[in-house]
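A quick write-up on the structure given underneath.
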Amino acid sequence: MSTPERRDGDFWDALRTTTQSRIGLGRTGDALPTRRVLEFAAAHATARDAVHQPLDVAAFTEQVRTLGLGEPHAVVSRAADRGEYLRRPDLGRAPADVAHLARADADLAIVLADGLSPRALTDHGVPLAQAILTALPDDIAVATPVIATQARVALGDHVARALGVRTLLVLIGERPGLSVADSLGIYLTHRADPEDFGQGVTDAHRNCISNIHPPEGLGYTDAARIAAALVVGARRLGRSGVDLKDTSRAELSGPGSPALD
């Protein structure tokens, strides 16, 4: 006997407004309803497309120019194509060439990287970067932005070294899921030059702000406020990563809420 998919529909419909998770899917006999199976297949296809669709560098460069930071530089990783990028993460962590990057008289570098979701960078990269520039203190000089393709987070370390910049923000497309295919992350590294650390820069030296994809995820303004606070804190502390705590989220939680660190 079939169980109606819309059974207790009002209850589940109300809960679905609070989460992107798949809940209350119902069943037809011993299987999911056809509509739910098709929704899952569509979400899976969207996630695959987000991974494999290449970044339109020319069009994205036009967007980045609107930030007013000068003509953007382009860097590619050592991965020859998307397939090799996915099979060899190590090749995505190093640039093919950074000789064209001149040293910058700046405090902060921003790298806009395609990562595992070029779509996320296209949709959110420039407005997020603009929000960060607005949130940063006026006394922090920002270098000309760098657009990185077939890139992993660590590629930004080599960019920072080439530019001679101590503080680095990498805005990168996050791994797509079955609920979100256009999520962007921010990675902060202070003293991002790999030679500053005896064994190189590791994840312990970084701070991450993730799940940036308004309106369902973290918004640009809130993400930028957290990023700016971490930049200021890293420069005062002289390092980033596990030693740097984010206390800015207390403002997002409302008066009287404990700081989230």
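Model, not experiment: these values are computed from the prediction. All heavy atoms count here, side chains included; hydrogens, waters and symmetry mates do not.
- In terms of modelled atom types and a separation under 3.5 Å, the side chain of R119 and the main chain of D49 share no donor-acceptor contact.
- Atom CG of L230 sits about 11.0 Å away from atom OG1 of T189, to the nearest 0.5 Å.
- Donor-acceptor pairing under 3.5 Å is lacking for the side chains of Q150 and S77.
- Listed for the Y220 side chain is no donor-acceptor partner under 3.5 Å among the backbone atoms of P214.
- At distances below 3.5 Å, at least one donor-acceptor pair connects side-chain atoms of T19 with backbone N or O atoms of S21.
- N207 contributes a side-chain N or O that, together with a main-chain N or O of L244, makes up a donor-acceptor pair within less than 3.5 Å.
- Between the OG1 atom of T149 and the CG atom of D56 there is a distance of 11.5 Å, given to the nearest 0.5 Å.
- At distances below 3.5 Å, at least one donor-acceptor pair connects side-chain atoms of D114 with backbone N or O atoms of A151.
- With S183 contributing its side chain and V180 its backbone, the two residues share no donor-acceptor pair below 3.5 Å.
- Distance check: R175 CZ to S117 OG gives 11.5 Å after rounding to the nearest 0.5 Å.
- With 3.5 Å as the limit, one finds a donor-acceptor pair spanning the side chains of T167 and H190.
- Under the 3.5 Å distance criterion, the side-chain polar atoms of H205 are matched with a main-chain donor or acceptor of T202.
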All N/O donor-acceptor pairs, side-chain side in residues 103-110, below 3.5 Å, sequence neighbours left out:
| unit_1 | atom_1 | unit_2 | atom_2 | d |
| --- | --- | --- | --- | --- |
| D107 | OD2 | A141 | N | 2.8 |

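- With hydrogens and angles ignored, the 3.5 Å screen pairs no side-chain donor or acceptor of T28 with any backbone N or O of A31.
- A donor-acceptor pair is defined here as one N or O able to donate and one able to accept, closer than 3.5 Å; such a pair exists between the side chain of E174 and the backbone of N211.
- Because its NZ or CZ atom is both nearer than 6.0 Å to the ring centre of Y85 and within 45° of the ring axis, R152 counts as a cation-pi partner of that residue.
- L171 CG to Y187 OH: the interatomic distance, rounded to the nearest 0.5 Å, is 11.5 Å.
- In terms of modelled atom types and a separation under 3.5 Å, the side chain of T144 and the main chain of L69 share a donor-acceptor contact.
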